Visitor: 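The structure under discussion is supplied below as C-alpha cells; questions concerning it will follow.
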Amino acid sequence: MTAATFADRLLRWQRQHGRHDLPWQNTRDAYRIWLAEIMLQQTQVASVIPYYQRFLAHFPELARLAAAPLEEVMPLWSGLGYYARVRNLHRCAQEIMSRHGGEFPRDPEAIARLPGIGRSTANAIAVFAFGIRAPILDGNVKRVLCRSHGVDGFPGTAAVEQRLWQLAEELLPARAADCSRYIQAQMDLGATLCTRGKPACADCPLNDICIARRDGRVNELPQPRPRKALPQRSLRVLLLHDGERWLFERRPPHGIWGGLLSLPEVAADEDVQQKLDALACAAAELQALAPLRHSFTHFHLTLQPLLAAVKPLPQLAESGRYRWLTPMELADAALPTPIRKIVQEALATAATVTQGCD
DNA sequence: AAGCCGGGGTG
DNA sequence: CACCCAGGCTT
C-alpha cells in the first residue's frame with residue numbers, strides 16, 4: 001500500500017467538500033465553459049455568476065454571439081471589469097465561426113492561440129470540455145502549490161512561474177478522466193480553505209505534507225507582489241442633460257474603459273467652457289456634485305462631476321461617439337461602474353432640483 | 001521584466 | 001489601506 005499522492009488527496013477531498021453547484025459545472029458545452037473561464041479571469045466566482053446567467057440568456061450559443069454587433073455585447077459586460085475580455089470574446093467567437101467551422105477547437109495549443117485565451121485558460125477549457133489531461137495555473141493553484149511545496153519568491157516572476165508550471169505538470173493525476181475533478185479540487189481548496197487571509201489548515205487534506213505549514217510559513221507564502229506607490233489622478237466629468245436626456249461619449253477602443261460609454265471629460269489643462277463649446281452645448285450654470293474616489297490596479301482616480309442643464313445645439317449630431325440617453329436607456333448601456341454611480345447620483349439631484357422649481 | 005487593464009471582497 | 005481574485009496582452 002503506497003502513500004496517497006497529492007492528487008489522490010485532492011480528489012478524495014473534492015468528492016466530499018468541493019463545490020458541485022456552479023452554473024458552468026454541469027455542462028461539457030465548450031461555449032459555456034469558455035464563457036465562464038473568460039469571465040472568471042481575475043474575477044471571483046460570486047461576482048461572475050449573475051453576469052454569466054444574463055450573458056447566456058442573451059446569447060445561448062456561439063453562432064448568435066458571433067453574429068451580433070459588439071455594441072450589443074458590451075452592455076452585458078458593463079460593471080464586470082477588464083473590458084478587453086469582452087472585445088476578445090467577441091472576436092474569438094467570430095474566429096471560431098470563420099476559421100474553425102463553428103466548432104470550438106479541442107487542442108489546447110490551438111485554443112491558446114485564440115484572442116484572450118492564454119495557457120491556463122486554454123487548458124481549463126480543454127480539461128472541462130474535452131476531458132484532456134492538462135494542468136492549469138491560476139491564483140488558487142499558485143497559492144496552494146507555493147504553500148504545499150514551499151515555493152519562495154513572488155509568483156509573478158518568470159522563474160517562479162516556470163517552477164509552478166513544472167509542479168503543476170508533475171502533480172497531475174495519471175488518468176485523464178480524473179483531471180477535471182482534480183483541477184476543480186485545486187481551485188476549490190484555494191477558494192475555501194487555502195485562502196490568502198486565514199487559511200483553515202486544520203481542515204486541509206494536505207496539512208500533513210504541507211511544507212509551509214511544517215515550517216510555520218503559511219502566512220509568508222506565496223510571497224506578495226513588490227509594492228509601489230500608485231499615482232494619483234483627477235478628472236472632471238460633465239453631466240449634461242436637456243431636461244430629458246443625458247450626454248455620453250464613447251471611449252476609444254483601447255485603454256481604460258475601452259469601448260464603453262462614459263461622460264464627457266474635461267482634461268486637467270482644459271477650460272470647462274471650452275469643452276462645452278466643443279460639445280455644442282450652452283449651459284447656464286454648473287453645479288459641482290460630490291467627488292468620487294476610485295482605485296484601479298495602477299492608479300487612484302478622483303472624479304469631479306459637474307452637473308448642468310444645457311441647450312444642445314444642432315452641431316452635435318448623435319453619432320457613434322456621442323449619444324443622448326434617457327434614464328430608462330441607461331439601464332442597458334455599457335457604462336463603467338464609477339460612471340454609473342455618478343449618473344445615479346446626478347439623476348437624484350436633478351429630480352430634486354426639478355421638484356424644487358415646481 | 002514591467003506595465004496595463006476593473007471592480008469587489010477581505011483583513 | 002494593502003492585497004488579491006478561475007490572467008492575458010503589450011511594450
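Every value quoted in this text rests on a predicted model; they were computed, and no experiment measured them. Per chain, numbering begins at 1; letters A, B, ... match sequence-line order.
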Visitor: In whole Å, what is the span from the CZ atom of Arg227(A) to the C1' atom of dC3(C)?
Guide: 10 Å

Visitor: Under 4.0 Å: is that the gap between some side-chain N or O of Arg340(A) and OP1 or OP2 of dG7(B)?
Guide: no

Visitor: Gly79(A) near the nucleic acid: base, sugar-phosphate alone, or nothing, with a heavy-atom cut-off under 4.0 Å?
Guide: sugar-phosphate

Visitor: In whole angstrom, give the distance that lies between atom CD1 of Ile38(A) and atom P of dG6(B).
Guide: 15 Å

Visitor: Starting the side chain at C-beta, find the nucleotide from dG7(C), dC3(C), dG3(B) nearest to Asp138(A).
Guide: dG7(C)

Visitor: Let me spell it out: for each of Ile256(A) and Gly156(A), pick the nucleotide of DNA chain B with the closest heavy atom. Which residue's pick is nearer the 5' end?
Guide: Gly156(A)

Visitor: Check whether Asp215(A) reaches the backbone of Arg217(A) with its side chain - one donor and one acceptor, N or O, closer than 3.5 Å.
Guide: no

Visitor: Which part of the nucleic acid, if any, lies within contact of Ala158(A), taking any heavy atom under 4.0 Å across all strands shown: a base, the sugar-phosphate backbone alone, or nothing?
Guide: sugar-phosphate

Visitor: Rounded to the nearest 0.5 Å, what separation is found between the CD1 atom of Ile339(A) and the CG atom of Leu303(A)?
Guide: 5.5 Å

Visitor: Determine the interatomic distance between C1' on dA1(B) and the same-named atom on dC5(C); round to the nearest Å.
Guide: 22 Å

Visitor: Ignoring the backbone of Trp257(A), work out which of dG7(C), dC4(C), dG6(B) is nearest its side chain.
Guide: dG6(B)

Visitor: Would a line drawn from the ring center of Tyr182(A) to the ring center of Trp13(A) be shorter than 6.0 Å?
Guide: no

Visitor: For the residue pair Glu95(A) and Pro115(A), establish whether any side-chain heavy-atom pair is separated by less than 4.5 Å.
Guide: yes

Visitor: At under 4.0 Å, does any side-chain N or O of His294(A) touch on OP1 or OP2 of dG7(B)?
Guide: yes

Visitor: Take the protein atom CD of Gln42(A) and the nucleotide atom P of dG7(C), then report the distance between them rounded to whole Å.
Guide: 5 Å

Visitor: Ignoring backbone atoms, test whether Thr121(A) places a side-chain nitrogen or oxygen under 4.0 Å from the OP1 or OP2 oxygen of dG8(C).
Guide: yes

Visitor: Output the rounded distance in Å from CZ (Arg91(A)) to C1' (dG8(C)).
Guide: 12 Å

Visitor: Taking the side chain of Gln44(A) as heavy atoms from C-beta outward, which of dG3(B), dG7(C), dG8(B) is closest to it?
Guide: dG8(B)

Visitor: With DNA chain B as reference, determine whether Arg85(A) or Ala159(A) sits nearer its 5' end, using the nearest nucleotide of each.
Guide: Ala159(A)

Visitor: Can you tell me which residue among Leu35(A), Leu89(A), Leu65(A) is in a side chain to side chain contact (heavy atoms under 4.5 Å, CB included) with Phe59(A)?
Guide: Leu65(A)

Visitor: Does Trp77(A) have a side-chain nitrogen or oxygen under 4.0 Å from the phosphate oxygens OP1 or OP2 of dG6(B)?
Guide: no

Visitor: Ring centres under 6.0 Å, that's the criterion: do His149(A) and Phe6(A) meet it?
Guide: yes

Visitor: Does Gln184(A) reach a base, just sugar-phosphate, or nothing at all? Heavy atoms under 4.0 Å.
Guide: base

Visitor: Closest nucleotide of DNA chain C for Leu22(A) versus for Asn88(A): which of these residues is on the 5' side?
Guide: Leu22(A)

Visitor: To the nearest angstrom, how far is His298(A) atom NE2 from dC4(B) atom P?
Guide: 5 Å

Visitor: Pick the P atom in dG6(B) and in dT10(C), then give their distance to the nearest Å.
Guide: 14 Å

Visitor: Looking at Thr43(A) and dG7(C), is any side-chain donor or acceptor paired with a base atom of the opposite kind under 3.5 Å?
Guide: no

Visitor: Would you say Lys228(A) reaches dA2(B)'s phosphate, i.e. side-chain N/O to OP1/OP2 under 4.0 Å?
Guide: no

Visitor: To the nearest Å, give me how far apart OH (Tyr82(A)) and C1' (dC4(B)) are.
Guide: 8 Å

Visitor: Test Phe55(A) against every option in Ile38(A), Leu76(A), Val48(A) by the side chain to side chain contact (heavy atoms under 4.5 Å, CB included) rule and name the one that passes.
Guide: Leu76(A)

Visitor: Does Arg196(A) get its side chain close enough to the base of dC3(C), under 3.5 Å, for a donor-acceptor pair?
Guide: yes

Visitor: Could you give the CD1-to-P distance, from Ile183(A) to dG7(C), as a whole number of Å?
Guide: 13 Å

Visitor: dG6(B) base to Thr297(A) side chain: any donor-acceptor pair below 3.5 Å?
Guide: yes

Visitor: Quickly work out the His300(A) NE2 to dG7(B) C1' distance and round it to whole Å.
Guide: 14 Å

